[in-house]
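Have a look at the structure below before the remarks.
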Protein chains: 2
Amino acid sequence: MSRKEETKNNLLDAFWELYKEKPMAKITVKEITDKAGYNRGTFYTYFIDINEALEILKASLMPDKEMIINPFMELKKNDGTIIEPIEGTNDYLKKNGEKIAVLLGPKGDPGFVHELKARLREIIISYAKDLEIKEVEDFEYVIEYHVAGLISLYQLWLEKGQNIDEESLGHVYEETAYKGALSVINRMLNDIR
Amino acid sequence: MSRKEETKNNLLDAFWELYKEKPMAKITVKEITDKAGYNRGTFYTYFIDINEALEILKASLMPDKEMIINPFMELKKNDGTIIEPIEGTNDYLKKNGEKIAVLLGPKGDPGFVHELKARLREIIISYAKDLEIKEVEDFEYVIEYHVAGLISLYQLWLEKGQNIDEESLGHVYEETAYKGALSVINRMLNDIR
DNA sequence: TAGTATTGTACAACACGTTGTTGGATTAGT
DNA sequence: ACTAATCCAACAACGTGTTGTACAATACTA
């Protein structure tokens with residue numbers, strides 16, 4: 001790794017340490033460079049402003065389609081076949097899960113959430129492409145509901161330090177997505193009679 | 001309305017006009033007071049800083065429970081009775097829908113979304129209170145999925161200028177929440193065979 | 001007219017982004 | 001191979017704009 005790359009990474013790391021704790025508006029260039037051990041001016045040789053630093057971080061965190069969706073995704077195609085979710089660990093999530101949780105969380109970045117939703121929507125719609133759907137508007141709303149729920153499920157899972165194993169989460173997801181959240185809630189309530 | 005209230009409202013309105021167009025960080029006190037037609041110092045007699053102005057706005061927009069949830073909510077209780085959704089127009093949403101859409105949107109405020117989710121979760125859990133649920137963790141995930149989906153559904157609806165009527169949206173919501181998003185998607189795909 | 005709201009002005013503190021400088025490394029010319 | 005020119009990371013210092021505060025002067029309004 002060249003010296004230049006190293007410096008840039010150090011600055012990004014320092015920025016992230018601060019971003020975890022406080023909102024963008026409260027972070028100053030001076031804080032970043034102090035933490036990373038550089039002169040304040042050095043920051044500007046690598047980034048236009050603080051916002052660009054965040055953009056670079058977000059870009060590096062935006063996962064490939066499979067990375068986020070596979071642990072949860074299971075979708076019946078028209079012909080009845082099922083896209084199985086990929087089992088086992090996912091290096092990407094293990095590496096960046098913490099950062100993603102922050103960006104999706106209450107102090108996070110709404111733009112990031114928006115982009116993530118767009119990606120997931122893209123995948124789901126790709127299963128329906130080449131088909132003409134009558135209820136186009138309704139279809140979009142169903143997808144939006146599902147994608148948002150999926151992301152939030154994942155975010156809560158990370159927020160809670162992955163308090164249940166991936167398989168259990170997958171099961172909850174599957175039941176909810178196929179039977180409906182309110183039906184599942186009803187079942188859970190009735191189970192305790 | 002007293003002069004004081006009027007001034008405060010004028011300042012908040014001016015702030016909102018700017019907030020619609022640019023992120024918090026780019027808004028200055030001078031811009032606000034210029035737009036509202038006051039001296040810059042006047043701002044500080046009403047607000048500690050710009051952030052407090054946003055907080056006040058968010059607080060004024062945070063709806064009572066019924067306001068957001070009733071247009072969509074329908075939940076079977078254990079005894080079989082159903083909480084019917086309130087029909088018809090909702091003054092609050094008609095008044096503030098635009099602002100809410102901005103806060104929920106891609107340039108919005110993640111804290112607001114977080115708070116909104118908390119409120120909705122609160123309601124749903126209130127239906128289950130006094131009951132002991134075995135799968136506590138799973139239950140929470142199902143609720144999270146549902147609440148997030150509900151909010152996103154609503155936000156998309158506002159973003160699209162309420163392109164379908166409230167009744168249709170309620171129907172989509174109902175089917176999805178009771179039958180499951182993926183089941184509904186499958187139905188829509190199979191319908192066109 | 002009395003009391004309150006708003007203005008105008010000034011100020012220190014702070015963060016910003018630019019500029020010009022230093023010194024070590026790299027390259028080019030002979 | 002040796003010298004000179006150039007590049008580049010890092011730095012220090014400066015001017016600018018914004019913030020938050022204070023207080024006396026002025027305008028509004030009840």
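Remember, it's a predicted structure, so these values are computed and weren't measured experimentally. Letters A, B, ... are given to chains in the order of the sequence lines, protein chains preceding strands, and every chain is numbered from 1.
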Of B:Gly41 and A:Thr45, the one whose closest DNA chain D nucleotide lies more 5': A:Thr45
Between C:dT18 (P) and A:Ile48 (CD1): distance, integer Å: 10 Å
Distance in angstrom units between B:Phe43 CZ and D:dT18 P, rounded: 15 Å
Pair A:Glu174 + A:Lys179, salt bridge at N-O below 4.0 Å: no
Within the 6.0 Å centroid threshold, strictly below: B:Phe43 and B:Phe15: no
B:His146 ring center within less than 6.0 Å of B:Tyr173 ring center: yes
Rounded distance in Å - CG (B:Asn10) to P (C:dA5): 15 Å
Salt-bridge criterion met for A:Lys22 and A:Glu31 (N-O under 4.0 Å): yes
Atom-pair distance (NZ on B:Lys30; C1' on D:dG20), nearest Å: 16 Å
Distance test, side-chain N/O of A:Tyr46 to OP1/OP2 of D:dA10, below 4.0 Å: yes
Ionic contact status for A:Lys58 with A:Glu55, cut-off 4.0 Å: yes
Spacing between A:Lys26 atom NZ and C:dA15 atom C1', to the nearest angstrom: 13 Å
Ion pair B:Glu98/B:Lys20, N-O distance below 4.0 Å: yes
N or O in side chain of A:Lys4 less than 4.0 angstrom from D:dA9 OP1/OP2: yes
Closest nucleotide among D:dG20, D:dT18, C:dT18 to the B:Asp49 side chain: D:dG20
Gap between atoms CG and P, on A:Asp34 and D:dA10 respectively (whole Å): 16 Å
Nearest listed nucleotide, side chain of B:Val29, among D:dG20, D:dC28, C:dG8: D:dG20
Sugar-phosphate, base or nothing in reach of B:Gly37, heavy atoms under 4.0 Å: sugar-phosphate
Proximity to the side chain of B:Asn39 - top-ranked nucleotide from D:dT19, C:dT7, C:dT18: C:dT7
Nucleotide C:dC14, atom P - distance to CD1 of A:Ile27 in whole Å: 19 Å
Polar pair under 3.5 Å, donor/acceptor by atom type, side chain B:Arg40, base D:dG20: yes
A:Tyr38, nearest nucleotide to its side chain (from D:dC11, C:dA5, D:dT21): D:dC11
Whole angstrom value for the distance that separates C1' of D:dT29 from CD of B:Glu5: 15 Å
N or O in side chain of A:Thr7 less than 4.0 angstrom from D:dA10 OP1/OP2: yes
Below 4.0 Å: OP1/OP2 of D:dT21 and any side-chain N or O of B:Tyr44: no
Nearest listed nucleotide, side chain of B:Thr42, among C:dA15, C:dT6, C:dG8: C:dT6
Minimum-distance nucleotide to B:Arg3 side chain [options: C:dA5, C:dC16, D:dT18]: C:dA5
